[in-house]
Amino acid sequence: AQSVTQPDIHITVSEGASLELRCNYSYGATPYLFWYVQSPGQGLQLLLKYFSGDTLVQGIKGFEAEFKRSQSSFNLRKPSVHWSDAAEYFCAVEGGATNKLIFGTGTLLAVQP
Amino acid sequence: DAGVTQSPTHLIKTRGQQVTLRCSPKSGHDTVSWYQQALGQGPQFIFQYYEEEERQRGNFPDRFSGHQFPNYSSELNVNALLLGDSALYLCASSLVQGYQETQYFGPGTRLLVL
């Protein structure tokens with residue numbers, strides 16, 4: 001069965017520091033992978049997606065993610081975090097013939113001034 | 001370009017009641033999916049509608065039902081509400097393009113069952 005694991009429930013970084021949020025997935029074939037961000041009380045905003053091709057994917061707001069098949073990972077990175085990046089981040093997988101998204105439990109990001 | 005819209009934004013019901021939530025997809029999209037997000041959890045897939053038919057369903061009881069209209073908008077109905085149905089209900093729309101679909105989410109409807 002498909003699943004997504006986000007090992008870090010809560011992360012705190014200083015403004016201007018780099019960020020990496022971890023995501024591991026379980027899926028038999030090549031997955032379609034997504035990162036979404038959710039501000040408090042809001043819906044989900046798509047940051048970036050991976051379907052195929054270049055394993056380094058660029059997204060909005062300066063975020064990027066790298067698909068590593070050998071590690072079953074799709075980690076999200078940003079070189080310099082801004083206070084406005086404080087939010088909850090969700091990794092999701094969509095598997096082939098099924099179009100439903102399977103989400104991880106999320107990582108809550110806090111940004112210190 | 002209007003994004004995904006949902007109504008109402010908040011709703012309070014009591015146990016045993018029924019509720020209807022509404023969703024209008026992003027312009028040009030033909031598929032609507034519904035998700036339930038309990039507090040502190042990731043969204044869980046309820047079901048998806050395409051061409052006015054339920055395309056697939058997650059692990060939710062029959063108390064959860066839906067409908068898609070010819071204009072692609074959708075409703076989620078929940079009967080016999082339980083306290084555990086309290087959650088943020090998210091609607092997502094997408095356009096069928098083979099298997100590579102990207103779902104765009106609305107702001108959600110927060111349901112509180114007392």
Side-chain angles (χ1 to χ4, degrees), chain A residues 1-10 21-53 57 59-60 65 67 87-108, chain B residues 3-7 9-10 21 23-26 29-51 53-60 66 87-112:
Chain A
Q2 303 157 25
S3 66
V4 174
T5 302
Q6 294 181 247
D8 304 305
I9 297 173
H10 186 267
L21 302 182
R22 296 183 291 165
C23 172
N24 293 96
Y25 66 89
S26 173
Y27 183 64
T30 299
Y32 300 149
L33 296 159
F34 304 81
W35 275 98
Y36 288 88
V37 61
Q38 186 175 38
S39 297
Q42 301 298 311
L44 301 174
Q45 181 182 21
L46 177 69
L47 283 177
L48 47 79
K49 58 189 176 184
Y50 173 77
F51 287 140
S52 64
V57 179
I60 62 170
F67 170 59
E88 189 152 26
Y89 292 78
F90 291 95
C91 180
V93 63
E94 179 191 310
T98 69
N99 304 95
K100 66 179 181 181
L101 291 173
I102 306 295
F103 285 88
T105 51
T107 297
L108 186 61
Chain B
V4 180
T5 60
Q6 293 186 244
S7 62
T9 55
H10 296 81
L21 311 181
C23 172
S24 291
K26 185 177 169 68
H29 286 185
D30 57 8
T31 301
V32 172
S33 303
W34 287 93
Y35 293 80
Q36 180 195 66
Q37 186 179 19
L39 202 59
Q41 300 295 317
Q44 299 290 318
F45 176 78
I46 303 175
F47 43 54
Q48 184 180 84
Y49 278 84
Y50 172 66
E51 292 188 339
E53 297 285 335
E54 185 180 285
R55 191 179 183 189
Q56 60 176 315
R57 188 179 183 92
N59 189 26
F60 278 80
L88 179 67
Y89 288 85
L90 294 164
C91 168
S93 74
S94 57
L95 176 64
V96 173
Q97 291 178 312
Y99 293 124
Q100 295 184 359
E101 295 181 24
T102 301
Q103 294 185 28
Y104 294 88
F105 285 80
T109 294
R110 188 163 297 281
L111 172 64
L112 177 61

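Residue numbers start from 1 in every chain, and the chains themselves are labelled A, B, ... in the order their sequence lines are given, proteins ahead of strands.
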Between OH of B:Tyr35 and CG of A:Leu101, what distance do you get to the nearest 0.5 Å? 3.5 Å

For B:Gln6, look at atom CD and say whether over 12 heavy atoms of other residues, nucleotides or ligands are found less than 6.0 Å away. yes

Distance check, rounded to the nearest 0.5 Å: A:Phe103 atom CZ versus B:Gln37 atom CD? 8.0 Å

CZ on B:Arg57 to NZ on A:Lys100, rounded to 0.5 Å: 12.0 Å

One should read off an interatomic distance between B:Leu90 CG and A:Tyr36 OH, to the nearest 0.5 angstrom, of 11.0 Å

Under 4.5 Å to a heavy atom of chain B? For A:Gln38 that would be side chain

Return the minimal non-hydrogen interatomic distance between A:Phe51 and B:Thr102, and the atom names on each side. CZ-OG1, 3.6 Å

Reported CG-to-CD distance for the pair B:Leu88 and A:Gln42, which is rounded to 0.5 angstrom: 9.5 Å

Chain A interface, residue from B:Pro43, B:Gly108, B:Gly58 that has the most non-hydrogen pairs under 4.5 Å: B:Pro43

Highest number of heavy-atom pairs under 4.5 Å with chain B: which of A:Val4, A:Ile102, A:Thr105? A:Thr105

Flag yes if more than 12 heavy atoms outside A:Ile9 fall under 6.0 Å of its CD1 atom; otherwise flag no. no

Which pair of heavy atoms, one from A:Lys49 and one from B:Tyr104, lies closest together, and at what distance? NZ-OH, 4.3 Å

So what's closer than 4.5 Å to chain B heavy atoms on A:Leu46: side chain, backbone, both or neither? side chain

Using heavy-atom distances under 4.5 Å, tell me whether B:Gln48 contacts chain A through its side chain, its backbone, both, or neither. side chain

